[in-house]
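Structure record follows, encoded as structure tokens.
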Amino acid sequence: ALKMARRLPQSRICNNSAPFVRSATALLLLLTNITPAQVSACLLHGTDSGICVYEYLPDTYGGGIEGIETAAKRWQNGTEGPCKDSDADHCMPFCGKWIANYYPPCIPAPMALPRDQNFPNGRHVHHTVRDKDQWVERTVKDMIATRLAVETNRTAKKMGVDEFGNKGRKTRERFFENRDCQLAYERYFCWLNFPRCDEFEESLPMCQSACENFFRVCGYEEDLWRCSTADDDDVSSTELFFPGQPFKENEFLPKTKREPKSVCTPSIKGGVAGCNLKVVLFGVFIMVIFLLLGEGVTVL
């Protein structure tokens, strides 16, 4: 069932009514096209070429502030560690802010082969977290720049046409001056390429809420949403081909409506918000101040 949930078709994409959805789908499919795997494993690109890691989680290092700082050195640039200058293969400075501290991701498994006569530079040397993270960053920024160019096209505005050349209509501005939309797309792309691992070290399908958040924040009309689950009976033929389909509905722990179960990617409480080490430390600092004041301690 998990493999079926992660499976994507190979060629069809969304219809012409949603240009950005269509173009984004084409690029996402290049890296996320899923086919049946031969063995049960953490899936990347439809094969068991991934491994589940826990090195980005603060709990791996005992939790608390020290755990947060230690974990950050494994993915965040600028820290006093192996990722200070993004040199190490495990660095994830772009997607790490949406993944690290939250869940164990499925990352590319090391499979570099040494140099030989036929391959003087070796093989699979770029099958690393760092290289994939850099690819995601370039692609996301290029896609957003492309959409911004379409939405701010002065020639189209002077001619009084939209992006399709329809006279008397304006191109809908979704990404322009909408930072929330841009971040929603960034998060979605990162989660899609670094899926969450479960306790059996298998990658989980995308959460329906992650898809819905992107379409909602970017102002897409609901008839353009492509976020159906495998249980939906009214899924259109074009909807099946959106990257991440079919999605998994979020589940929550008993007697709560806020603590998500780890059934899909990302399964994060308040998943629309990112994590930044400085923000986390500032929040901890404020909590300590309040505790000290509550005890009647003078803070200078």
Are Phe194 and Tyr56 an aromatic pair, judged by ring center distance below 6.0 Å? no
Phe175 CZ to Thr152 OG1 distance, which is reported to the nearest 0.5 Å: 13.0 Å
Mind running disulfide bond (SG atoms under 2.5 Å apart) on Cys190 and Cys95 for me, showing each step along the way? CA-CA 5 Å; Cys190 285; Cys95 287; 2.1 Å; yes
Checking one residue: Val217. Which other hydrophobic residues are in its cluster under the side-chain 4.5 Å linking rule? none
Are Trp98 and Tyr188 close enough that their ring centers fall under 6.0 Å? no
Is the number of heavy atoms from other residues, nucleotides or ligands under 6.0 Å of Glu251 CD greater than 12? yes
Whether over 12 other heavy atoms sit under 6.0 Å from Lys170 NZ: no
So Cys197 and Cys42, disulfide bond (SG atoms under 2.5 Å apart) or not? Walk me through it. CA-CA 7 Å; Cys197 290; Cys42 162; 4.0 Å; no
Is there a donor-acceptor pair under 3.5 Å between the side chain of Arg216 and the backbone N or O of Phe214? no
Step by step, work out the ring-ring contact (aromatic ring centres under 6.0 Å, His included) result for Trp135 and Phe189. CA-CA 11 Å; Trp135 180 90; Phe189 208 108; 5.8 Å; yes
Within this structure, what is the CZ-CD distance for the pair Phe94 and Gln76, rounded to the nearest 0.5 Å? 14.0 Å
Working for side chain to side chain contact (heavy atoms under 4.5 Å, CB included), residues Trp191 and Cys207: CA-CA 10 Å; Trp191 291 333; Cys207 293; over 6 Å; no
